[in-house]
Amino acid sequence: MATTGAGGHATPPAEANPPILILMVALGGVLLVSSSNWLSVYLAIELPTLSIFILAAQKRGSGHSAESGLKYFVLGALSSGLFLFGCAMMCGLTGGTSVPCTDLVLGQTPGGAMPPMGGLLITIALLFKLSAAPFHMWAPDVYDGAPTTTTALLAIVPKVAIFSILVSIGPAVNILLIGAIFSMVVGAIGALNQTKIKRLLAYSGIGHMGFILWGMEIGSFESIQASLVYMILYVTMSISIFAIILALGVVRNLIVEFSGLSRREPALAITLALTLLSIAGIPPLVGFLSKWLVLLPGVVNQYYLVSVLAVVCSVIAGVYYVRIVKIIYFQADSSLLIGIKTLRRENRINLRKALLIGASLYVIGFHCLPNLLLQLAHWATVGLF
């Protein structure tokens with residue numbers, strides 16, 4: 001509830017998300033998908049960036065929130081500067097600001113020549129926004145310090161829009177290959193020693209961006225369609241995980257806070273466990289389908305070493321997902337958190353709400369009806385070209 005300040009004015013609660021800022025993030029994503037001009041692309045990227053900066057730093061009295069907002073602002077400004085510099089070089093080279101003008105410049109230069117520096121700078125700036133390694137340094141701290149609702153927004157909306165513009169401009173493929181390999185390795189190894197759930201999800205997102213970038217780097221219609229399917233399933237599973245975290249109202253965002261969840265909230269426990277196993281790529285869940293769809297074009301196009309690396313990284317990443325499932329079902333409540341749980345009101349969730357959050361019926365639905373998802377992805381991929 002709102003409180004009344006000294007002057008009689010109502011002050012909003014510390015973590016209230018202003019709806020206008022959330023709408024601006026959504027509007028920026030929609031505009032970015034439909035942009036065909038470098039100026040409109042830049043404005044559509046900056047609109048959600050500034051909104052998320054405010055949302056990340058809004059938790060009053062929290063140094064972590066202020067730090068996350070400041071890091072996102074500073075590194076976002078750096079990537080924006082790289083993007084503008086790259087756009088200036090591209091416009092000077094092509095004599096126009098239209099994005100299709102640069103199709104021959106951004107990766108397919110005649111005679112096998114190196115793509116111009118402008119294309120490389122634009123690709124690097126967009127990889128910053130995707131939190132792809134080695135441009136991921138801001139993601140764990142921003143995810144951890146920002147309010148959970150802002151973290152969910154940051155992990156979902158901008159990535160879909162940036163994916164669409166990356167496919168549309170046809171980026172420098174060598175940079176995408178480097179980003180894909182580094183992202184898989186960093187995402188798999190970086191989360192192994194994490195104790196906070198949001199930092200773990202940050203590294204998990206970095207690893208999944210590696211798979212998506214790899215499909216884009218191959219460049220065939222089938223691989224880009226596989227990347228789009230991967231993005232759709234990743235976003236769906238992220239929504240499910242963050243919805244459960246928000247519903248549980250975890251205190252310190254520690255992984256051990258999920259201990260004993262199977263006894264307190266069995267419906268939420270099975271939903272979270274299925275989602276984590278799916279995002280780890282355990283068959284027969286849909287996460288396995290998405291990874292298989294991305295690996296198949298890689299093997300067909302003879303990317304054998306990268307395919308083996310992707311499989312190894314998936315196995316390593318599966319360790320920390322299965323560890324959370326083990327904590328949910330086989331670990332008693334942590335003694336460090338019993339006092340906190342005793343002092344605060346128990347946040348019970350009824351069965352209907354648990355099943356609603358467990359719209360992880362998608363784990364079954366998408367697997368039983370994959371043709372519908374693949375057909376929608378096919379039409380969307382055709383629209384991106």
Side-chain angles (χ1 to χ4, degrees), residues 15 140 143-153 155-156 191-205 207-208 233-288 316-367:
E15 295 188 29
Y143 275 49
D144 186 40
T148 305
T149 50
T150 303
T151 304
L153 194 68
I156 295 167
L192 289 177
N193 63 343
Q194 298 299 323
T195 58
K196 293 189 174 183
I197 184 64
K198 290 199 290 185
R199 292 185 71 89
L200 185 144
L201 291 177
Y203 282 105
S204 171
H208 290 295
L233 296 179
Y234 166 73
V235 166
T236 309
M237 291 182 284
S238 296
I239 291 173
S240 179
I241 291 177
F242 280 107
I244 293 173
I245 293 174
L246 289 168
L248 291 174
V250 293
V251 183
R252 297 182 179 178
N253 292 311
L254 296 173
I255 296 175
V256 293
E257 293 186 64
F258 294 108
S259 57
L261 181 62
S262 60
R263 291 178 287 278
R264 301 194 310 271
E265 302 287 352
L268 276 185
I270 187 63
T271 298
L272 182 58
L274 281 175
T275 306
L276 290 170
L277 293 176
S278 177
I279 206 170
I282 305 296
L285 302 175
V286 290
F288 172 76
I316 296 174
V319 172
Y320 52 79
Y321 294 119
V322 173
R323 179 165 63 96
I324 300 177
V325 176
K326 187 265 293 183
I327 290 174
I328 292 172
Y329 280 97
F330 304 108
Q331 182 168 313
D333 285 347
S334 173
S335 58
L336 296 175
L337 300 172
I338 290 177
I340 298 175
K341 291 181 180 179
T342 304
L343 292 175
R344 72 185 182 111
R345 184 172 62 86
E346 186 69 20
N347 188 20
R348 299 295 296 178
I349 301 171
N350 59 46
L351 179 62
R352 286 182 300 175
K353 185 186 291 187
L355 292 177
L356 181 61
I357 294 174
S360 141
L361 289 171
Y362 73 84
V363 173
I364 301 173
F366 280 166
H367 193 71

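All values derive from a computational prediction rather than experimental measurement. When reading the values below, keep in mind they use all heavy atoms of this one structure, side chains included, and skip hydrogens, waters and symmetry mates.
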Heavy-atom pair with the smallest gap, counting every atom of [X] and [Y]:
X: E257; Y: R252; value: OE2-N, 2.8 Å
X: L200; Y: R323; value: CD1-NH2, 4.2 Å
X: S278; Y: M237; value: OG-SD, 3.2 Å
X: A202; Y: P140; value: CB-CA, 3.7 Å
X: G318; Y: A280; value: CA-CB, 4.2 Å
X: A155; Y: F242; value: CB-CE1, 4.0 Å

Set of residues satisfying side chain to side chain donor-acceptor pair (under 3.5 Å) with respect to Y320, sequence neighbours excluded: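 Residues passing side chain to side chain donor-acceptor pair (under 3.5 Å) with Y320: none at all.
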
Spacing of [atom1] belonging to [X] relative to [atom2] belonging to [Y], to within rounding of 0.5 Å:
X: S262; Y: I270; atom1: OG; atom2: CD1; value: 10.0 Å
X: Y329; Y: L272; atom1: OH; atom2: CG; value: 8.5 Å
X: L254; Y: I327; atom1: CG; atom2: CD1; value: 10.0 Å
X: I197; Y: I245; atom1: CD1; atom2: CD1; value: 5.0 Å
X: L268; Y: L261; atom1: CG; atom2: CG; value: 6.5 Å
X: T148; Y: N253; atom1: OG1; atom2: CG; value: 4.5 Å

Does the [X] side chain pair with the main chain of [Y], one donor and one acceptor, at a distance under 3.5 Å?
X: R264; Y: S259; answer: yes
X: S238; Y: Y234; answer: yes
X: T151; Y: Y143; answer: yes

Apply the side-chain contact (heavy atoms from CB on, under 4.5 Å) test between I241 and each candidate in T271, L246, L276; give the one that qualifies.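 Exactly one candidate clears the test, L276.
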
L233 vs I279, side chain to side chain contact (heavy atoms under 4.5 Å, CB included): CA-CA, chis, key distance, verdict: CA-CA 9 Å; L233 296 179; I279 206 170; over 6 Å; no

